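Take a look at the structure set out below.
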There are 2 protein chains.
Amino acid sequence: MQLVNNQCNCENCELKPIFFEYVEEKSLENICNWKYEKAFRKGENISNQGDEIKEFIYLKSGLVKLYRKNENDKDQIISFAKPLDFISLFSVFSNKSFNYSITAIEDSVTCNINLNELKKLISTNGNFALGLLTKVSQASDKIIITTLEIKQKQTFGRVAYILLYFSNEIYKNNSFELPVSRKEIADHIGMTTENVIRTLSSLRSDGIIKIYGKIIEVVDKDRLQKICNYS
Amino acid sequence: MQLVNNQCNCENCELKPIFFEYVEEKSLENICNWKYEKAFRKGENISNQGDEIKEFIYLKSGLVKLYRKNENDKDQIISFAKPLDFISLFSVFSNKSFNYSITAIEDSVTCNINLNELKKLISTNGNFALGLLTKVSQASDKIIITTLEIKQKQTFGRVAYILLYFSNEIYKNNSFELPVSRKEIADHIGMTTENVIRTLSSLRSDGIIKIYGKIIEVVDKDRLQKICNYS
DNA sequence: AACAGCTTATGATATTTATCATATTTTTGG
DNA sequence: CCAAAAATATGATAAATATCATAAGCTGTT
């Protein structure tokens with residue numbers, strides 16, 4: 001992790017219109033004093049389950065995974081988060097400590113805001129609070145709905161779902177390099193690594209995708225979408 | 001559904017210390033003008049997936065289920081909610097319409113607050129907003145964590161989980177009447193009705209529970225807890 | 001270069017879960 | 001109160017998924 005040389009550039013932040021929608025210029029200037037940016041390399045840990053929450057974090061660039069260890073010490077990946085998704089969306093306001101870990105799965109930059117200062121801003125600025133409440137709710141909703149959707153599918157539907165997620169939501173390209181291992185996909189969609197691999201192989205032999213190691217090319221997106229919807 | 005004769009009794013509301021923690025007496029009086037109470041009989045629908053959200057709803061008494069229909073028209077029960085759990089916790093601030101339905105599974109009374117008025121209160125009262133943000137986050141967190149915990153278990157662990165939930169969280173008694181059918185349990189924990197029935201039968205023949213129709217008696221809670229933790 | 005460790009891959013098999021069939025009991029509506 | 005529908009129950013079987021075994025390919029390190 002590396003602290004980014006921190007010129008106050010909130011004015012240019014692409015998140016500004018969303019995050020700071022309701023904050024006047026004057027308050028916005030203050031934010032520069034509480035916030036700083038951190039850069040993480042692929043694979044680096046951003047925060048750990050159990051850590052005290054001292055900061056509100058969001059992602060400026062990159063890609064991260066949110067995951068937790070269960071009682072049997074097995075990882076469950078809750079979701080992936082891309083920029084404009086808040087990453088410290090849940091736990092932050094409801095807990096003293098994180099109930100999940102965050103790790104960068106691509107080189108990432110986070111913007112960190114001191115939580116106490118943020119809370120002060122919320123308590124003195126109702127409109128900002130309402131905006132934030134909306135964002136936090138949207139982020140939680142998305143996790144809940146996504147989890148339900150994955151849960152109702154079986155093997156092929158789940159693998160199709162995650163491939164379409166990376167293709168459509170993250171890389172916006174039919175060809176992309178998987179930022180995660182087969183095991184991580186398995187930990188996210190709730191199946192074994194072997195079955196993820198097998199399912200990918202099967203999609204390949206049906207000519208729906210091509211596989212070059214970590215690189216996936218979606219050849220027949222219509223069929224993949226049908227598989228996602230109906231199985 | 002029946003409108004409850006609506007004397008303003010927020011002062012005595014058991015939710016007051018939580019919900020209105022940060023609202024001064026003066027604002028609190030206003031709330032009486034926007035809120036009203038509704039009584040629902042077991043089985044009655046409180047709101048429907050797709051309905052426009054006009055009110056913030058919470059549960060004064062009773063028990064409800066939150067569920068949604070998926071593309072294949074199959075119900076998925078997201079969670080059960082008891083009093084002090086907000087029931088319009090998600091969607092409310094993030095969506096124009098409910099992305100789930102709510103049905104009373106026991107006679108229930110809701111308190112409904114006009115959403116626009118509530119939003120005005122939020123925007124003019126930052127402390128209240130922060131309190132609400134905390135509550136909404138806690139409610140979402142609980143759903144997310146619960147869903148993950150259920151997901152990682154298999155048949156026996158899931159059935160044990162739901163029995164312990166009703167026994168410990170809802171009825172605080174080793175003997176209780178199930179407020180839901182076997183099918184509804186199945187829709188919640190993601191298995192088939194037959195398997196829920198079979199698993200219950202199996203727990204009975206192992207002497208862990210007794211079954212009298214809808215009435216369940218947990219005979220050996222320690223073993224049930226072990227089953228919940230380890231399968 | 002060589003080794004260790006991890007990931008990907010695939011086959012064989014075992015286990016888990018769903019589906020289908022059927023019967024009994026309970027609930028609901030006229 | 002009765003008939004129909006729904007819920008509960010259980011067995012037999014099929015399908016889905018996990019587990020175990022093995023091997024090849026990659027990756028990082030010394």
Side-chain angles (χ1 to χ4, degrees), chain A residues 41-44 65 70 72 74-77 103 105 150-163 177-206 209-217 227-228 230-231, chain B residues 41-44 65 70 72 74-77 103 105-106 150-163 177-206 209-217 227 230-231:
Chain A
R41 305 303 303 267
K42 178 169 182 159
E44 271 191 296
K65 63 171 177 177
N70 65 27
N72 310 322
K74 218 182 150 290
D75 282 339
Q76 276 186 296
I77 295 181
T103 294
I105 57 175
I150 291 174
K151 193 174 156 190
Q152 97 204 8
K153 294 181 194 303
Q154 43 198 31
T155 306
F156 276 85
R158 290 178 186 187
V159 171
Y161 187 97
I162 198 70
L163 292 178
E177 184 176 345
L178 275 176
V180 289
S181 68
R182 275 51 161 176
K183 180 179 180 302
E184 286 174 302
I185 293 176
D187 288 343
H188 182 45
I189 62 185
M191 20 190 302
T192 55
T193 309
E194 293 96 320
N195 263 330
V196 169
I197 292 169
R198 238 184 279 274
T199 307
L200 287 170
S201 300
S202 173
L203 290 173
R204 179 187 48 195
S205 37
D206 288 350
I209 62 172
K210 285 183 182 167
I211 303 175
Y212 313 98
K214 292 268 190 200
I215 294 172
I216 302 284
E217 186 189 334
I227 289 169
C228 174
Y230 300 114
S231 60
Chain B
R41 305 303 301 269
K42 179 171 180 156
E44 271 190 297
K65 63 171 177 177
N70 64 28
N72 310 321
K74 219 183 149 291
D75 282 339
Q76 274 185 299
I77 295 181
T103 293
I105 56 174
E106 294 200 340
I150 292 175
K151 194 173 157 191
Q152 94 202 11
K153 294 179 194 303
Q154 44 196 36
T155 307
F156 275 84
R158 290 179 185 186
V159 171
Y161 186 98
I162 197 72
L163 292 177
E177 185 177 344
L178 275 175
V180 288
S181 68
R182 276 44 162 181
K183 181 180 178 303
E184 286 174 302
I185 293 177
D187 287 342
H188 181 46
I189 61 184
M191 22 191 298
T192 57
T193 308
E194 293 97 319
N195 263 331
V196 170
I197 292 168
R198 237 183 279 272
T199 307
L200 287 171
S201 302
S202 172
L203 291 173
R204 180 185 49 196
S205 36
D206 287 348
I209 61 171
K210 286 182 181 168
I211 304 175
Y212 314 98
K214 291 269 190 200
I215 294 173
I216 303 282
E217 186 190 335
I227 290 169
Y230 300 116
S231 61

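Protein chains get the first letters and strands the later ones, always in sequence-line order, with residue 1 at the start of each. Since this is a predicted model, take the numbers as computed values, not measurements.
For the OP1/OP2 pair of D:dT10 and a distance below 4.0 Å, the side-chain nitrogens and oxygens of B:Ser201 include at least one atom meeting the criterion. Within the structure, a side-chain polar atom (N or O) of A:Thr155 is placed less than 4.0 Å from OP1 or OP2 of D:dT17. Taking only side-chain nitrogens and oxygens, A:Asn195 never comes nearer than 4.0 Å to OP1 or OP2 of D:dT17.
When each of B:Lys153 and A:Arg204 is assigned the nucleotide of DNA chain C bearing its nearest heavy atom, the one mapping closer to the 5' terminus is A:Arg204.
B:Ile216 has its CD1 atom 12 Å from the C1' atom of D:dT8, to the nearest Å. Atom CZ of A:Arg198 is separated from atom C1' of D:dA21 by 11 Å (rounded to the nearest Å). In this structure, B:Ile211 places its CD1 atom 17 Å from P of D:dA7, rounding to the nearest Å. Taking atom CD of residue B:Glu194 and atom C1' of nucleotide D:dA14, one finds them 13 Å apart after rounding to whole Å.
Residue-environment remark: NZ (A:Lys210) stays at or below the threshold of 12 foreign heavy atoms within 6.0 Å. Atom NZ of A:Lys214 sits in a crowded spot, with more than 12 heavy atoms from other residues, nucleotides or ligands closer than 6.0 Å.
Taking B:Asn195 as the reference, B:Met191, B:Thr192, B:Arg198 meet the side-chain contact (heavy atoms from CB on, under 4.5 Å) condition, with sequence neighbours excluded. Scanning for side-chain contact (heavy atoms from CB on, under 4.5 Å) contacts around B:Thr193 gives B:Arg182, B:Lys183, B:Ala186, B:Ile197, with sequence neighbours left out.
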Letter per nucleotide, 5' to 3', of nucleotides 23-30 of chain D [B base touched, S only sugar-phosphate touched, - untouched; heavy atoms, 4.0 Å]: --------

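Between B:Leu163 and B:Leu200, the shortest heavy-atom contact is CD1-CD2, 3.9 Å. The two atoms that bring A:Leu203 and A:Phe156 nearest to each other are CD2-CD2, 4.0 Å, heavy atoms only. Pairing each heavy atom of A:Lys151 with each of B:His188, the nearest pair is NZ-O, 3.2 Å.
B:Gln154 comes within 4.0 angstrom of sugar-phosphate atoms only, judged by non-hydrogen atoms across all strands, and of no base.
Within the 4.5 Å cutoff, no side-chain heavy atoms of B:Tyr161 are placed close to those of B:Ile189. Taking 4.5 Å as the limit, some side-chain heavy atom of A:Leu178 sits within range of a side-chain heavy atom of A:Ile185.
With hydrogens and angles ignored, the 3.5 Å screen pairs no side-chain donor or acceptor of A:Arg204 with any backbone N or O of A:Ile209. The main-chain N or O of A:Cys228 is found under 3.5 Å from a side-chain atom of A:Lys153 such that the two form a donor-acceptor pair.
Residues from residues 180-189 of chain A with heavy atoms under 4.0 angstrom of DNA chain D: there are none.
Taking five base pairs at each end of the helix from C:dA1-D:dT30 to C:dG30-D:dC1, the local helix axes there meet at an angle of 60°, rounded to 10°.
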Would A:Val180 and A:Ile77 count as a side-chain contact (heavy atoms from CB on, under 4.5 Å) if you check the C-alpha gap in whole Å, the side-chain angles of each, and the deciding distance to 0.1 Å? CA-CA 11 Å; A:Val180 289; A:Ile77 295 181; 5.6 Å; no

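One finds a salt bridge joining B:Lys74 and B:Asp187 here, because a Lys/Arg side-chain nitrogen approaches an Asp/Glu carboxylate oxygen to under 4.0 Å.
When DNA chain C is scanned 5' to 3' for any atom under 4.0 Å from a heavy atom of chain B, the first and last hits are C:dT17 to C:dC20.
Within the model, atoms CD of A:Glu177 and CD of A:Glu217 stand 14.0 Å from one another, a figure rounded to the nearest 0.5 Å.
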